[in-house]
Amino acid sequence: MNTIETFNNGLSFDEFLNSSEPKYKDATLDFYNNMELGEDLNSQIKNIDREINILVCAELWCPDCILNVPAVQIFNKLNENIKISIIEKDGYEDEFSKIPTFIIYDNNFNELGRFIERPKVIKKIENEGTQPEIIVAKRQYRKGEYILDTVQDILDIIK
């Protein structure tokens with residue numbers, strides 16, 4: 001994969017939404033429009049003072065994408081230094097086994113890190129929790145209650 005070419009050929013958040021079925025678009029916009037990060041996270045995102053490029057591999061039929069792609073768009077909305085490009089998995093199956101995958105790059109497209117599928121806290125509960133803990137956490141996650149963890153995971157990579 002030619003990273004810069006792939007990034008330049010990707011879609012904006014709006015283009016990505018408009019290429020989807022209305023029910024997925026509406027669900028994604030619902031999460032996006034109701035996302036409240038709080039003053040601390042907003043400030044951390046706004047204070048990023050260097051160019052960051054985030055390549056997103058996603059499909060809007062995917063529940064994890066519906067939840068987490070809006071979190072990446074918030075970065076772009078709050079800070080013009082952060083560029084987002086979205087590609088669909090079709091044609092990139094060898095590169096991206098799980099969606100969403102966010103690859104965070106610096107201004108020279110050196111990879112800083114990856115966010116894959118779900119926030120770390122959910123992965124930890126899935127690996128270490130009891131069955132009731134896992135069920136409760138997944139229900140809360142599907143409602144968007146862990147979106148701040150997604151944002152923090154991305155910030156941790158950028159820092």
Practice task
In sequence, state the C-alpha distance, the side-chain angles, and the governing distance for T101 and E95, and then conclude on side chain to side chain contact (heavy atoms under 4.5 Å, CB included).
Solution key: CA-CA 10 Å; T101 295; E95 323 261 339; over 6 Å; no
When you check the side-chain N and O atoms of [X] and [Y], is any donor under 3.5 Å from an acceptor?
| X | Y | value |
| --- | --- | --- |
| N76 | K83 | no |
| N34 | D30 | yes |
| N110 | D106 | yes |
| K159 | Q44 | yes |

Problem - Short N-O contact, R114 and E111, less than 4.0 angstrom - result: yes
Practice task
For the pair K89 and D94, find out whether any cationic side-chain nitrogen is under 4.0 Å from an anionic carboxylate oxygen.
Solution key: no
Practice task
Please say whether more than 12 non-hydrogen atoms of neighbouring residues, nucleotides or ligands are located less than 6.0 Å from NZ in K143.
Solution key: no
Practice task
Please say whether more than 12 non-hydrogen atoms of neighbouring residues, nucleotides or ligands are located less than 6.0 Å from CD in E93.
Solution key: yes
Problem - Residue from C57, S20, S19 passing side-chain contact (heavy atoms from CB on, under 4.5 Å) with E88 - result: S19
Problem - Passing option when P100 is tested against V72, I86, N68 for side-chain contact (heavy atoms from CB on, under 4.5 Å) - result: N68
Within the 4.5 Å heavy-atom criterion, are [X] and [Y] side-chain neighbours or not?
| X | Y | answer |
| --- | --- | --- |
| F96 | M1 | yes |
| V69 | V56 | yes |
| N42 | D40 | no |
| F7 | N53 | yes |
| L148 | E36 | no |
| I45 | L155 | yes |
| L17 | Y24 | no |
| I84 | F13 | no |

Practice task
Please round to the nearest 0.5 Å and tell me the distance separating atom CD1 of I48 and atom CD1 of I82.
Solution key: 4.0 Å
Handout entry: Atom pair CD1/CD1 of I54 and I154 - distance to nearest 0.5 Å
Key = 6.0 Å
Practice task
Show your working on salt bridge (charged side-chain N to carboxylate O under 4.0 Å, His left out) between D64 and R142 and close with a plain yes or no.
Solution key: CA-CA 8 Å; D64 293 314; R142 294 281 181 232; 3.0 Å; yes
Exercise for the section: For N81 and N79, work out which heavy atoms get closest and say how close. Expected result: N-OD1, 2.7 Å
Fill in the blank from the handout: Note: I99 and E117 closest approach over all heavy atoms is O-CG, 3.7 Å
Problem - Verdict with reasoning, R118 to E126, per salt bridge (charged side-chain N to carboxylate O under 4.0 Å, His left out) - result: CA-CA 11 Å; R118 298 183 185 107; E126 288 172 334; 3.4 Å; yes
Practice task
Would you check if the side chain of D153 reaches a backbone N or O of K120 as a donor-acceptor pair within less than 3.5 Å?
Solution key: yes
Exercise for the section: Spell out, as yes or no, whether a donor-acceptor pair under 3.5 Å connects the side chain of Q152 to the backbone of D149. Expected result: no
Practice task
Kindly assign one of parallel, tilted or perpendicular to the pair Y141 and Y146, based on the angle between their ring planes and the thresholds 30° and 60°.
Solution key: tilted
Problem - Pairs flagged by side chain to side chain donor-acceptor pair (under 3.5 Å) wherever residues 1-11 is involved - sequence neighbours left out - result: none
Practice task
Before giving the answer on side chain to side chain contact (heavy atoms under 4.5 Å, CB included), spell out for I74 and M35 the whole-Å C-alpha distance, their side-chain angles and the decisive distance to 0.1 Å.
Solution key: CA-CA 9 Å; I74 288 291; M35 195 179 308; 3.5 Å; yes
Exercise for the section: I would like to know whether E15 and S12 meet side chain to side chain contact (heavy atoms under 4.5 Å, CB included); could you show each step before the answer? Expected result: CA-CA 5 Å; E15 290 169 331; S12 69; 3.2 Å; yes
